[in-house]
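To keep things clear, I will list the structure first and then write my remarks on it.
Everything numeric in this text was worked out from a predicted model, so none of it was measured. Letters go in sequence order (proteins before strands), and every chain restarts at 1.
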Amino acid sequence: MSVRTRFAPSPTGYLHIGGARTALFNYLFARHHNGQYLLRIEDTDKQRSTPEAVRQILESLDWLGLGPDEPPVFQSAREARHAEVARELLARGRAYLAFDTPEELAAMREQAMKEGRPPRYDGRWRDRDPAEAPPGRTPAIRLKAPRPEDGRGEIVVKDLVQGEVRVAHAELDDLIILRSDGTPTYLHAVVVDDHDMAITHVIRGDDHLTNTFRQCMIYDAMGWHRPHFAHIPLIHGADGAKLSKRHGAVGALEFREQGFLPEAVCNYLLRLGWGHGDEEIVPRDRAIALFDLKDVGRAASRMDYAKLTHLNGVYLRQADDDRLAEEVLERLAKHGIDFGTIGGDRVRALMPELKARAKTLEELAGTAAFAAIEGPPPMDAKSAALLTPEAKARLADLAQFLTDAPWERLELERWLRDYAEVKGLKLGAVAQPLRVALTGSTQSPPIDAVLAALGRTEAVDRILAAAEE
RNA sequence: GUCCCCAUCGUCUAGAGGCCUAGGACACCAGCCUUUCACGUUGGUAACACGGGUUCGAAUCCCGUUGGGGACGCCA
């Protein structure tokens, strides 16, 4: 039977980076086994689910290159089926009608907590005749949890990541599978959908580990085969607490905004909890070839933005120049920086040098701005301070001589070295004032590359402007 | 409170009883390279939570302690 996995987010907000990793692992596992990777939107909570969240989840997955192999399944569209299974369980005597009110249940929980007992449903309607129900109450359907004679049974799950995990039947209570309003509960809907979608491997966050035992009860009651389960550890913030906004970016699309490349984010997420020897750079194809659930760690890991940033730099340097140029120009436009066709060409021309010096697209856009615009670049204080009277005189001199210089990068470099030698100067004494004049910054790509990319007219204009300031 | 899971440098990890004087990566520090910055490169600081077993031998197996996390809804 071919492997089928699914990612099942609930559309109550943006796609969390932890969810993105769950999706990635589901994707990689399916691809590794030549199986299918599906998406199910768990929108049975009508109060909190929004179409906007659905849209954002799809966009996030698309950006990460984790789009599903089949159209997404919307859980809300399958409520009739969920109810049908619940009624079947009822008909088979594996479930029963429970007429409790929410208030009664709350009181029951409170009482149990007060007495130091675990808050579980006591099964008061399990063997009671529905005829005894108080008038006007609509019942929920509860599943009958196993109650072995000796009271010592247990449910065993052989989790592909966590290993063998067991929970005593005594820990389980009769869970609601169909609410009194006829809608399914999450635990029930998940089981029915995973079964109907022929999911073979359920890979999800380990916050679902204890839910698994409740779900197993439903599989068993229906006589369905349980899928394999793999519960992967959660991602925490740098302080070890649950990852939240105060830790920094957590939404997948926030990473895009901040200038991270999707392939870098995926690589980072993969290495968080999964490893293959000392390999750090694991592109998609390699990840598919290597991925195995047995190599997934069992401990929660912490989000490290510094390492993500480093990885992003690695991927940035490998990325295609035109792609990066497009991204950068888009960002410049968004920041209200004016540039024309020529500016775009200059950014493209300088991209090989630019990308070696940036770790994110946002940073790249910042360092590319001087090349995109027309005229003298804005100058920071540190750069302006470099424009001493001597430096300005030097620039004026350079502007004059550059008029006749050969305009090609390697030739320019030689020309600059000759110039410095003739004038008895260190190359740095020539390059730094030039850099400041041309880029408005003390840091930039090699000055010969900058000159070549700007073109003679623009370069000389900027040098003259700085000399006359 | 009850149940479940987890535990190697600050962080991510390698490690399946001897290959471990514990390896790699990020971050940090110092040097080299150099027209600035970055890249690259060389070196450095830095960890098996603790206590008991098992064994000739334990980071690796077992038990306990401590610490962290998760779950206990007519939420998902």
Table of protein N/O atoms under 3.5 Å from nucleotides 38-42 of chain B N/O atoms:
from	atom 1	to	atom 2	distance (Å)
B:A38	O2'	A:Ala356	O	2.8
B:C39	O3'	A:Arg317	NH1	3.3

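B:A30 and B:U42 make up a base pair, with Watson-Crick or G-U wobble contacts both under 3.5 Å. For B:A14, there is no paired nucleotide, since no Watson-Crick or G-U wobble pair has both relevant distances below 3.5 Å. Within the shown strands, B:C72 is the pairing partner of B:G1 under the Watson-Crick or G-U definition, both distances less than 3.5 Å. Of the nucleotides present, B:C50 is the one that pairs with B:G64 by Watson-Crick or G-U wobble criteria, both distances under 3.5 Å. Look at B:A59: it lacks any Watson-Crick or wobble partner with both distances under 3.5 angstrom. Across all strands shown, nothing is found opposite B:A22 as a Watson-Crick or G-U wobble partner with both distances under 3.5 Å.
A donor-acceptor contact under 3.5 Å links the side chain of A:Glu280 to the base of B:G24. Under 3.5 Å, the side chain of A:Arg166 and the base of B:C4 form no donor-acceptor pair of N or O atoms.
Residue contacts shown for A:Pro9 are absent, as no nucleic acid heavy atom lies under 4.0 Å away.
Distance, A:Leu160 CG to B:C5 C1': 16 Å, rounded to whole Å.
The aromatic rings of A:His201 and A:His228 lie parallel to each other, with less than 30° between the two planes, well short of the 60° mark.
The nucleotide whose nearest atom lies closest to any side-chain atom of A:Val165 is, among B:C12, B:C4, B:U2, B:C4.
The side chain of A:Arg435 places no N or O atom within less than 4.0 Å of a non-bridging phosphate oxygen (OP1 or OP2) of B:U36.
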| remark: With B for base contact, S for sugar-phosphate-only contact and - for none (protein heavy atoms under 4.0 Å), nucleotides 69-74 of chain B reads SBSBSB

